[in-house]
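Notes follow the structure.
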Amino acid sequence: MNILSKYDAAKVEDKWYKYWLENGYFHSEPDEREPYTIVIPPPNVTGVLHMGHMLNNTIQDVLIRRARLKGYNACWVPGTDHASIATEAKVVARLKEKGIKKSDLSREEFLEKAWEWTGEHGGIILEQLKKLGASCDWDRTKFTMDDDMSASVIKVFVDLYNKGLIYRGYRMVNWDPEARTTLSDEEVIHEERQGLLYYLAYDIEGEDEKVIIATTRPETILGDTAVCINPHDERYAHLKGKKAIVPICNRVIPIIEDEYVDMEFGTGCLKVTPAHDVNDKNLGDKHGLEVVDIFNEDASLNQHGLHYEGKDRFVVRKEIARELEEKGHLVKTETHINKVGTSERTKAVIEPRLSDQWFLRMEELAKPALKAVLEDEEIKLFPKKFENTYRHWMENIRDWNISRQLWWGQQVPAYYYGDGKEEFVVAENEEEALQLAREKSGKASLSSSDITRDPDVLDTWFSSWLWPMSVFGGILEPENKEIKYYYPTNDLVTGPDILFFWVARMIMAGYEYRNEKPFTNVYLTGLVRDSQRRKMSKSLGNSPDALKLISDYGADGVRVGLLLSSAAGNDLLFDEALCQQGKGFANKIWNAFRLVKGWEISDIPPAKVSEVAVRWYRSKLGQTLAEIEDHFAKYRISDALMATYKLIWDDFCSWFLEMVKPTYGMPISKKTYGEIIALFEENLKILHPFMPFLSEEIWQHMENRNRDEALVVATWPEPVKPDGSLLEGFSLMTEVVSGIRTVRKDKNIPFKDELELYTTGDGSDFAGDLDEVVKKLGNISGIHYDVEKVEGSVSFRVGASEYFIPVTGSVDVESEIRKLQEELSYIEGFLKSVRGKLSNERFVNNAPEKVVAVEKQKEADALAKIATIKESLSNLKNK
RNA sequence: GGGUCAUUAACUCAGUUGGUUUAGAGUGUCACCUUGACAGGGUGGAAGUCACUGGUUCGAGUCCAGUAUGACCCA
């Protein structure tokens with residue numbers, strides 16, 4: 001067989017993915033095995049794969065593939081969400097290009113366009129996940145706007161309304177003037193912006209005096225309905241009970257007093273605009289102020305804006321500042337940095353706005369969710385540090401604004417039969433609504449034309465908070481066998497940025513609807529940043545093209561690259577060099593396979609070296625497997641990968657294969673060969689979750705396998721109890737081999753020249769046949785034990801023994817002495833620190849016996865070592 | 001403004017209830033190697049006042065307090 005010396009990922013990846021799909025390895029049905037379930041955090045249906053998705057889904061795939069190998073009934077449910085605002089914004093933009101305004105279309109026509117868009121772009125991201133190797137059960141793919149998913153949402157809305165948890169309220173909400181919808185608090189991003197602080201003079205009614213207020217938003221003065229001072233502020237005491245006059249519109253407004261006013265900020269005198277600021281709204285409610293809303297829904301000014309009517313708020317800010325200056329009301333301006341709320345989706349500056357919205361009461365829902373994470377630990381967050389953030393949010397939770405002034409999404413199932421505030425009903429469909437409306441209104445004559453459905457849709461998160469249940473039909477049919485089998489799911493992998501948006505709400509929904517947690521472990525990944533620590537974003541253009549990375553480094557290479565430095569919850573500084581490392585690793589393993597595959601097999605007895613090598617590697621594998629198990633249990637995925645990396649590269653390739661490698665041109669024992677292949681197979685199983693394609697490719701090359709024997713459905717290695725003394729002896733042995741290599745290097749002795757090795761040891765440091773390994777890897781012709789010293793040799797120490805290698809020609813006495821002296825001073829320093837402890841009475845009296853014993857042992861070892869070094873030194877100096 | 005978390009080698013990070021050689025890994029770096037699986041390789045080296053200042057302790061990278069810097073969350 002001719003195997004290429006370079007591993008070509010592109011050639012094999014599509015082939016194996018297709019094979020896995022054809023054989024349905026990823027599909028899961030309930031059976032008698034224990035389930036292991038993950039639901040994907042649904043990406044935006046029209047989105048494309050970015051680095052965050054790659055990281056996130058690689059981790060999920062690692063977990064699910066490992067579970068599959070461990071014999072669980074592994075089920076990873078994929079899907080997408082409808083991303084209400086983002087998708088609607090894209091559809092609106094696309095219509096605009098064609099010269100069509102949203103308002104020109106009926107709701108039905110618009111939705112048709114939105115579905116068209118979804119059809120064109122939907123699922124692209126899922127295809128990209130396949131390139132990454134994601135082993136999702138594609139037969140279960142879900143979309144939050146699927147009929148059954150929407151029905152679940154509506155059912156839950158009606159249920160929560162009937163329980164009194166959903167209510168309609170006239171509140172200050174975050175208004176996105178670009179998308180013309182409200183946003184939840186979590187969708188508002190606060191950014192620091194440089195702005196101006198305007199100092200404005202308001203006349204006092206009936207006085208010559210003026211009062212100066214400071215504001216960042218001069219355009220809102222037209223909505224002012226009071227001026228507020230702090231009752232303890234003596235500077236303004238004389239203004240109490242008087243009235244001020246708003247410039248330009250000349251509205252006469254009261255001067256009120258409230259301790260809310262910060263005397264230090266600005267002039268200590270505040271203008272109050274209840275329609276456009278949440279704090280001002282509170283003040284307004286408290287003091288019974290008038291509310292004057294000056295904005296249209298696109299944040300242009302309405303009739304209260306007088307001659308500014310129809311102009312945008314930011315245009316008006318400039319123009320009104322000029323007018324105020326001309327009229328002598330602008331005292332001065334100062335530069336000022338303030339936090340501005342912006343829309344996560346459209347980036348537009350948020351306008352606080354009063355309107356009728358639907359809200360979900362959170363207080364009761366939050367209680368079991370708080371308890372599950374912080375008290376009962378039924379749900380664990382990895383890393384744990386996020387529990388503080390979780391607690392803070394859950395304890396200060398506010399009602400959730402769930403309505404959006406959009407069309408793309410589930411329409412609020414509320415029906416109005418009159419203009420009164422309470423003249424509506426909530427029902428799953430129109431017939432029921434009509435029935436309820438007749439009852440509630442007492443008008444039996446009401447017909448379907450008398451009721452109107454609320455035009456708003458529900459927040460996308462109001463769909464996705466049900467995700468772990470609704471994907472299994474758990475809302476519509478709570479007793480179906482799928483939900484009973486797969487729920488609660490095992491792990492959830494997501495970013496900390498949606499801990500509240502999504503994770504916390506899923507927990508609430510889980511307890512509300514199943515009285516059970518939705519998942520046990522939540523793994524929070526870090527954000528992917530570039531090497532300068534900037535977030536990856538489209539606008540910066542610093543996000544690499546995911547598919548190009550896969551084609552450059554192979555999916556396996558990219559997976560390894562992403563995982564190598566992504567400890568849970570720590571941001572990942574993405575560097576393509578890491579993918580290169582992954583690709584290099586793939587190539588290394590590939591070549592290890594080429595080596596083994598190239599050997600001629602013969603029915604000869606195994607070499608002694610090979611026998612000890614096999615015994616050692618079995619132990620090493622057992623030891624490393626336990627470490628890997630521990631890392632996975634703690635969700636330390638990158639550590640688990642690094643342990644695997646070192647096992648294969650260092651232990652398997654650098655040590656094991658070098659030990660068993662037959663002399664050039666010679667055959668290998670059939671028995672040994674079989675053992676090597678078996679161990680190689682164990683490596684591949686451990687490797688498979690991280691590098692599924694490469695591992696399957698080699699696995700299938702090893703022998704002809706039938707469908708049931710694919711690596712993807714193989715069995716995870718049995719834990720082997722490691723032989724501790726063998727591992728310990730081996731580790732001493734490697735130091736000896738290293739010592740020999742160093743001597744060769746220092747003395748320029750080529751590897752092909754055989755050397756003799758002498759030692760003061762008696763050969764008990766590494767028992768068994770490890771001395772055979774020293775001979776092979778050091779090219780040593782013979783080892784001589786129990787010698788005292790050897791003239792004309794170079795020496796090194798391992799443990800308590802000294803080793804000598806006679807060298808022809810002159811030994812550089814000076815440099816030998818220098819080296820020994822360096823070694824000596826290190827050990828003497830060490831001894832000093834140990835003795836420092838031992839001579840401290842309080843240490844000896846207070847420290848545990850065990851610790852003291854260890855220190856005494858250290859002292860003894862150091863003393864023995866010092867003695868041998870000193871002896872060597874005196875030998876050298878006597879020359 | 002309030003809160004949370006971080007700060008260990010040039011870079012990215014471990015360091016698991018305070019004691020296991022005067023701190024480890026990967027990458028990078030330096031020197032050498034035209035080796036028969038792999039130069040995407042091999043061998044060997046150098047590199048750290050564990051942010052700073054105090055404190056607790058027989059003993060602190062690890063615990064406590066403060067300072068500085070940074071990140072994130074909330075208002």
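Every value quoted in this text rests on a predicted model; they were computed, and no experiment measured them. To find a chain, count down the sequence lines: A is the first, B the second, and so on, and within it residues start at 1.
Residue-level contact check: A:Trp649 touches the backbone only, with heavy atoms under 4.0 Å from sugar-phosphate atoms and none from bases. Nucleic acid contact for A:Lys752: none, since no nucleic acid atom lies under 4.0 Å from a heavy atom of the residue. Residue contacts shown for A:Lys850 are absent, as no nucleic acid heavy atom lies under 4.0 Å away. Among the atoms of the strands shown, none is found under 4.0 Å from any heavy atom of A:Glu387. A:Pro848 comes within contact range of at least one nucleobase, with a heavy-atom separation under 4.0 Å. Nucleic acid contact for A:Arg398: sugar-phosphate only, since backbone atoms but no base atoms lie under 4.0 Å from a heavy atom of the residue. Heavy atoms of A:Gly598 sit nowhere under 4.0 angstrom from any nucleic acid atom. At a threshold of 4.0 angstrom between heavy atoms, the contacts of A:Phe585 with the nucleic acid are absent.
Checking B:C13, B:G41, B:G26 against every side-chain atom of A:Leu573, the shortest atom distance belongs to B:C13. Here the side chain of A:Gln581 is nearest to one of B:G26, B:G40, B:C38, namely B:G26. When distances are taken from the side chain of A:Lys661 to each of B:C74, B:G42, B:A37, the shortest belongs to B:A37. Nearest nucleotide to the side chain of A:Arg529, out of B:C72, B:G26, B:A39: B:C72. When the nucleotides B:A14, B:G44, B:A37 are ranked by their closest atom to the side chain of A:Arg594, B:A37 comes out on top. Checking B:U4, B:A75, B:U21 against the side-chain heavy atoms of A:Asn388 singles out B:U4 as nearest. The listed nucleotides are B:C38, B:G15, B:G36; the one nearest the side chain of A:Arg636 is B:G15.
A donor atom on one side chain and an acceptor atom on the other are not found under 3.5 Å apart for A:Glu675 and A:Tyr617. Side-chain contact of A:Lys620 with A:Gln623: a donor-acceptor pair under 3.5 Å is present, judged by distance alone. With no hydrogens or angles considered, a side-chain donor-acceptor pair links A:Arg594 and A:Asn591 at under 3.5 Å. In the model, A:Glu627 has no side-chain atom that pairs as donor or acceptor with a side-chain atom of A:His631 under 3.5 Å.
Rounding to whole angstrom units, CZ of residue A:Phe843 and P of B:U57 are separated by 17 Å. Summarising the geometry, the separation between CH2 on A:Trp655 and C1' on B:C38 is reported as 18 Å, rounded to the nearest angstrom. Going from atom CG of A:Asn591 over to atom C1' of B:G36 covers 13 Å, rounded to whole Å.
Figure legend. B:A14 is base-paired to no nucleotide; pairs are counted as Watson-Crick or G-U wobble with both atom distances under 3.5 Å.
In terms of polar N and O atoms assigned as donor or acceptor, the side chain of A:Lys385 never comes within less than 3.5 Å of the base of B:C5 in a complementary pairing.
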